[in-house]
Amino acid sequence: MKTWPAYTLSDLGSLAAELIPLALAHSPIWLFRGQMGAGKTTLVKELTRQLGVNGHVQSPTFALVNEYARPNGSDIYHFDLYRLKNAQEALDIGIEDYLDSGNICLIEWPEQAEDLWQIPHVEFEITTLDEQTRRLTLHEHH
């Protein structure tokens, strides 16, 4: 576990640059937890930008998953599970195939499918401290 006690939008670039190697060293499955408006999608946008994704990155609230191509030929899968009722609905959309692909999977609202996370993954927990400031805790799960 590692914690960044306070960061703002202006810190996001350097924070993401620090997070990427830490997360990649552990797992390509990254979960993002935090209340509505905490900045999960904002962090995902910066991480994908630094991972080489060109183009528009947005939360796949209605599509459930967006696919982004990286310059190295691999893909990044970005999930928003907010609308799901349970893990079975995630399985119904074929989430296991994405998780088993070896590609980076960025998953917002993982609590909607909690039963799926018995696999190695990294968890980014974002806590709102005030209007501009957040705390981030990185957990590695084996």
Side-chain angles (χ1 to χ4, degrees), residues 1-53 55-72 74-142:
M1 180 176 85
K2 182 168 182 173
T3 300
W4 291 261
Y7 72 92
T8 63
L9 273 178
S10 64
D11 302 317
L12 210 51
S14 60
L15 177 65
E18 189 176 346
L19 292 172
I20 289 169
L22 293 173
L24 282 176
H26 183 69
S27 173
I29 300 169
W30 304 355
L31 310 183
F32 296 83
R33 297 183 187 270
Q35 67 186 48
M36 185 78 70
K40 296 179 294 293
T41 303
T42 302
L43 178 57
V44 165
K45 286 178 180 182
E46 182 60 25
L47 291 167
T48 56
R49 187 188 69 75
Q50 290 195 25
L51 286 163
V53 172
H56 188 64
V57 172
Q58 66 182 26
S59 184
T61 303
F62 296 102
L64 298 177
V65 61
N66 287 340
E67 183 176 333
Y68 311 117
R70 295 178 66 197
N72 68 4
S74 68
D75 293 317
I76 294 177
Y77 302 116
H78 179 198
F79 296 85
D80 182 332
L81 304 182
Y82 182 76
R83 293 180 33 233
L84 298 187
K85 294 179 181 70
N86 54 49
Q88 185 58 52
E89 288 188 353
L91 293 171
D92 290 346
I93 66 163
I95 196 168
E96 284 179 310
D97 292 333
Y98 294 102
L99 298 176
D100 292 341
S101 71
N103 289 318
I104 296 172
C105 294
L106 310 173
I107 304 162
E108 296 185 48
W109 297 103
E111 42 283 273
Q112 302 304 98
E114 206 65 67
D115 295 344
L116 298 178
W117 317 127
Q118 305 307 314
I119 56 176
H121 65 276
V122 175
E123 184 174 305
F124 298 90
E125 182 183 351
I126 302 171
T127 305
T128 302
L129 301 178
D130 62 36
E131 189 70 29
Q132 287 84 31
T133 313
R134 307 293 189 258
R135 176 176 58 240
L136 178 73
T137 304
L138 175 71
H139 303 272
E140 296 174 350
H141 296 272
H142 303 280

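Numbers for residues simply follow the sequence, beginning at 1.
Note that the CG atom of Leu15 and the CG atom of Leu138 stand 9.5 Å from one another [nearest 0.5 Å]. A distance of 11.5 Å separates CZ in Arg135 from CD1 in Ile126, rounded to the nearest 0.5 Å. Atom-to-atom distance recorded for Glu125:CD and Thr127:OG1 is 5.0 Å, nearest 0.5 angstrom. Here the straight-line distance linking atom CG of Asp80 with atom CD1 of Ile107 works out to 11.0 Å at 0.5 Å rounding. Taking NZ from Lys40 and CD from Gln35, the interatomic distance works out to 8.0 Å, rounded to the nearest 0.5 Å. Rounding to the nearest 0.5 Å places CG of Leu99 at 4.5 Å from CD1 of Ile29.
With sequence neighbours left out, His139 forms a ring pair (Phe, Tyr, Trp, His ring centres under 6.0 Å) with no residue at all. Taking Tyr77 as the reference, Tyr98 meet the ring pair (Phe, Tyr, Trp, His ring centres under 6.0 Å) condition, with sequence neighbours excluded. Evaluation of the side-chain hydrogen bond (donor to acceptor under 3.5 Å, both in side chains) rule for Asn86 yields no partner, not counting sequence neighbours. Partners of Asp92 under the side-chain hydrogen bond (donor to acceptor under 3.5 Å, both in side chains) rule, at least two apart in sequence or in another chain, are Gln88. Listed by chain and number, the residues in a side chain to side chain contact (heavy atoms under 4.5 Å, CB included) with Leu24 are Ile20, Trp30, Leu51, Ile104 (sequence neighbours excluded). Evaluation of the side chain to side chain contact (heavy atoms under 4.5 Å, CB included) rule for Asn72 yields Arg70, Ser74 as partners, not counting sequence neighbours. For Asp130, the side-chain hydrogen bond (donor to acceptor under 3.5 Å, both in side chains) criterion is met by Thr133, not counting sequence neighbours. In this view, Glu18 and Lys2, Trp4 satisfy the side-chain hydrogen bond (donor to acceptor under 3.5 Å, both in side chains) rule, not counting sequence neighbours. With sequence neighbours excluded, the residues satisfying ring pair (Phe, Tyr, Trp, His ring centres under 6.0 Å) with Trp109 are Tyr82.
When each of His142, His141, His121 is paired with His26, the ring pair (Phe, Tyr, Trp, His ring centres under 6.0 Å) condition holds for His142 and for no other.
Residue Pro28 comes nearest to Gly102 through the heavy atom pair CB-O, 3.9 Å, listed as atom of the first residue, atom of the second, then distance. Heavy atoms only, all atoms of each residue included: Val122 and Ala23 are closest at CG2-O, 3.8 Å. Across all non-hydrogen atoms, the minimal contact from Glu89 to Leu84 is OE1-CA, 3.3 Å. When all heavy atoms of Asp75 and Ala69 are compared, the pair lying nearest together is OD1-CA, 3.7 Å. Contact record, Ser27 with Pro120: OG-O, 3.1 Å, taken as the closest heavy-atom pair. The shortest heavy-atom contact between Leu22 and Glu140 is O-OE2, 4.0 Å.
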Side chain to side chain donor-acceptor pair (under 3.5 Å) between Asp11 and Thr8, worked out
CA-CA 5 Å; Asp11 302 317; Thr8 63; 3.3 Å; yes
Between Arg83 and Leu64, is the side chain to side chain contact (heavy atoms under 4.5 Å, CB included) condition met? List the steps.
CA-CA 8 Å; Arg83 293 180 33 233; Leu64 298 177; 4.2 Å; yes
Between side-chain atoms of residues 41-49 and protein atoms elsewhere (two or more places apart, or another chain), which donor-acceptor pairs fall under 3.5 Å?
residue	atom	partner	partner atom	Å
Thr41	OG1	Glu108	OE1	2.8
Thr41	OG1	Glu108	OE2	3.0
Glu46	OE1	Arg49	NE	3.2
Glu46	OE2	Arg49	NE	3.4
Glu46	OE2	Arg49	NH2	2.6
Glu46	OE2	Gln50	NE2	2.7
Thr48	OG1	Val44	O	3.0
Thr48	OG1	Lys45	O	2.9

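In this structure the side chain of Leu106 reaches within 4.5 angstrom of the side chain of Ile76, judged on heavy atoms.
The stretch residues 111-120 participates, sequence neighbours left out, in these side chain to side chain donor-acceptor pair (under 3.5 Å) pairs: Arg33-Glu114. A salt bridge (charged side-chain N to carboxylate O under 4.0 Å, His left out) check over residues 95-105, counting only residues at least two apart or in different chains, returns nothing.
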